[in-house]
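Here's the structure we're looking at; comments come further down.
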Amino acid sequence: MKKRFGRLFAAVALALGLSFAYAPHADAGLISLQDEIKMGRETGEKYEQQYGLLQDSYQQARVNRIGQRLAAVCGRNDIEYTFKVLNCDEVNAFACPGGFIYVYSGLLDFMPTDTELAGVLGHEVGHVAKKHTVHQIEKALGANILLAAISLGTGSAAIGNLSSLAASALMSGFSRTDERGADKEGVNNTIKAGFNPYAMLITSSKLEDLAAKNGGGKGGLWSSHPDPEERYKRVSQQLQKLNIEPAIKVVDDNHAQVYEGNWTFDINNSIGATKAKYRAFELAGNMYTIRQRGTIAPNYFVVYDNGSSADIYYDDIQVLRLYTQDAGSFGSAGSYARACSEMLKDWANKVNNGTISNKKKKK
């Protein structure tokens, strides 16, 4: 009886034109690598036809550059990854199977920095690397093929073509387990690729703020992604476990502190739509990147005074931009930036000498 059923199963699968191997479990590799790439490419082409690609060669190249850095460290190298920008003002991004990853042009406006884009793309690369869409479709296919084998003929309509299944899977969204897994991979990918380790914390924080502004409603990116507040908490916990230094204490949107041991730096101003906490995440991440280069050279911190703003650089890293609003009693952005540069030199010396305290403040 068992052999007979197996032959019947294989015959029906063959009659339906499916190119993947028979397996007794719903998620045991029904879709081959070739099928994955084919359905991902076809699904992506449909979205390109629907929205068109953004006619901006700089932005297309920029998104691809960031994405390729993340793909190179994600642990899956049996496919080629592509990253494209669709001409749509929604704040959204998604990953088709086989490495075809898209962001909407509206996301570039909402998250304009490379750090923020790295957080989003690191998450989407995580979905592809772990084959979340493929496994989701395999589970559905396994059930449909089984029904086809039993009913001897109704399976074709139920299964449909692979690209349609991929599009449906993207529309329906991922399970909480898959989303959490992609978040975890996203944090790891951004760190391995040399981006700001707080990248995903910035993106989740911005999504949380926008969701609150919209009355908690979901749409665009939230229709297929985790609740922003939940994501923020989980990403924060992951970074704490990784002992990322310096760390951040967020008092509120307009007050945040970057700290490492007994060294502290306060940011008490939001600039336009860039809240103080976002600026703190950027500063802490840039300082972390500096630490990864080895011994810190204090004299590498330099200030470029632009008048109403001033930039602190370390070698080629833009550490922090300060504005007249930050200056207070210092009077100008440049004067305040030079004072902040001295604070960063003090941090560098403490790190180099091992005199920075390891006692952590409570977040």
Side-chain angles (χ1 to χ4, degrees), residues 112-116 190-191 194-199 201-202 205 239-240 242-363:
T113 68
D114 286 7
T115 294
E116 293 166 313
T190 52
I191 293 174
F195 288 104
N196 186 327
Y198 293 102
L201 207 54
I202 298 173
S205 183
L239 289 170
Q240 288 175 18
L242 292 172
N243 294 317
I244 300 298
E245 296 279 7
I248 299 162
K249 178 182 179 182
V250 176
V251 178
D252 56 44
D253 286 351
N254 300 313
H255 302 87
Q257 185 179 80
V258 176
Y259 67 90
E260 182 170 0
N262 55 9
W263 184 92
T264 61
F265 187 100
D266 293 302
I267 297 180
N268 296 317
N269 290 286
S270 296
I271 305 298
T274 306
K275 296 183 177 181
K277 60 181 180 180
Y278 303 155
R279 300 176 70 196
F281 290 139
E282 282 282 3
L283 173 60
N286 292 331
M287 293 171 69
Y288 171 86
T289 301
I290 292 170
R291 291 198 64 169
Q292 302 315 297
R293 295 188 175 185
T295 302
I296 306 170
N299 62 317
Y300 278 25
F301 287 103
V302 295
V303 173
Y304 295 92
D305 192 342
N306 309 310
S308 61
S309 67
D311 294 316
I312 301 176
Y313 271 81
Y314 179 88
D315 199 9
D316 60 333
I317 299 173
Q318 184 180 3
V319 183
L320 180 65
R321 172 165 288 183
L322 295 161
Y323 299 83
T324 303
Q325 297 96 306
D326 297 311
S329 61
F330 286 88
S332 69
S335 295
Y336 183 56
R338 284 185 281 274
C340 292
S341 178
E342 293 302 315
M343 292 178 65
L344 289 167
K345 291 177 182 178
D346 176 59
W347 165 76
N349 285 322
K350 287 182 175 180
V351 171
N352 290 338
N353 298 333
T355 57
I356 200 160
S357 172
N358 289 323
K359 292 182 180 179
K360 299 210 174 192
K361 295 187 179 181
K362 192 174 183 180
K363 288 193 177 184

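- For E282, there are no salt bridge (charged side-chain N to carboxylate O under 4.0 Å, His left out) partners, not counting sequence neighbours.
- Put simply, the side chain of F281 does not reach to within 4.5 Å of the side chain of T115, judged on heavy atoms.
- When all heavy atoms are compared, the tightest approach of A284 to V258 is CB-CG1, 4.0 Å.
- Side-chain contact between Y288 and I191 is present, with heavy atoms from C-beta onward closer than 4.5 Å.
- A donor-acceptor pair under 3.5 Å is absent between the side-chain atoms of T190 and the main chain of P197, judged by distance alone.
- The two residues A310 and A337 come nearest to each other via the heavy atoms CB-CB, 3.7 Å.
- Once rounded to the nearest 0.5 Å, the distance linking CD1 of I312 with CD1 of I317 reads 13.0 Å.
- If you take CG on N268 and CD on Q257, they are separated by 9.0 Å, rounding to the nearest 0.5 Å.
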Inset, instruction - Start with the C-alpha gap between C340 and L322, add the side-chain angles, then the distance that decides, and say whether side-chain contact (heavy atoms from CB on, under 4.5 Å) holds. - result: CA-CA 9 Å; C340 292; L322 295 161; 3.8 Å; yes
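- T264 places no side-chain N or O within 3.5 Å of a backbone atom of Y259 that could act as its donor or acceptor partner.
- Listed by first and then second residue, the salt bridge (Lys or Arg N to Asp or Glu O under 4.0 Å) pairs that reach into residues 265-274 come to none, sequence neighbours excluded.
- The side-chain hydrogen bond (donor to acceptor under 3.5 Å, both in side chains) search around D305 returns none, not counting sequence neighbours.
- Judged as a salt bridge (charged side-chain N to carboxylate O under 4.0 Å, His left out), and not counting sequence neighbours, the contacts of K275 are D209, D253.
- Rounding to the nearest 0.5 Å places CH2 of W347 at 8.5 Å from CG of N352.
- N269 pairs by the side-chain hydrogen bond (donor to acceptor under 3.5 Å, both in side chains) definition with D326, not counting sequence neighbours.
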Inset, instruction - Please test V319 against I290 for side-chain contact (heavy atoms from CB on, under 4.5 Å), starting from the C-alpha separation and ending with a verdict. - result: CA-CA 9 Å; V319 183; I290 292 170; 4.0 Å; yes
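- The shortest side-chain heavy-atom distance between M287 and L344 falls under the 4.5 Å cut-off.
- With sequence neighbours excluded, the residues satisfying side-chain contact (heavy atoms from CB on, under 4.5 Å) with T274 are Y278, R279.
- For the residue pair Q318 and N286, the shortest heavy atom distance occurs at O-ND2, 3.0 Å.
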Output a table of donor-acceptor pairs, distance under 3.5 Å, between side-chain atoms of residues 297-304 and any protein atom two or more places apart or on a different chain; print 'none' if there are none.
none

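- There is a side-chain donor-acceptor pair under 3.5 Å between E116 and T113.
- Distance check: N306 CG to R321 CZ gives 6.0 Å after rounding to the nearest 0.5 Å.
- Atom CD1 of residue I296 and atom CG of residue N349 lie 9.0 Å apart, to the nearest 0.5 angstrom.
- The shortest non-hydrogen separation linking A256 to A276 is CB-O, 4.2 Å.
- In this structure, L320 CG and F265 CZ are separated by 5.5 Å, a value rounded to the nearest 0.5 Å.
- With sequence neighbours left out, Q325 forms a side-chain hydrogen bond (donor to acceptor under 3.5 Å, both in side chains) with no residue at all.
- A donor-acceptor contact shorter than 3.5 Å is absent between the side chain of D346 and the backbone of E342.
- Taking the side-chain hydrogen bond (donor to acceptor under 3.5 Å, both in side chains) definition, one finds that D252 meets it with H255, sequence neighbours left out.
- Each salt bridge (Lys or Arg N to Asp or Glu O under 4.0 Å) pair with one or both residues in residues 288-299, not counting sequence neighbours, appears once here: E260-R291, R293-D315, R293-D316.
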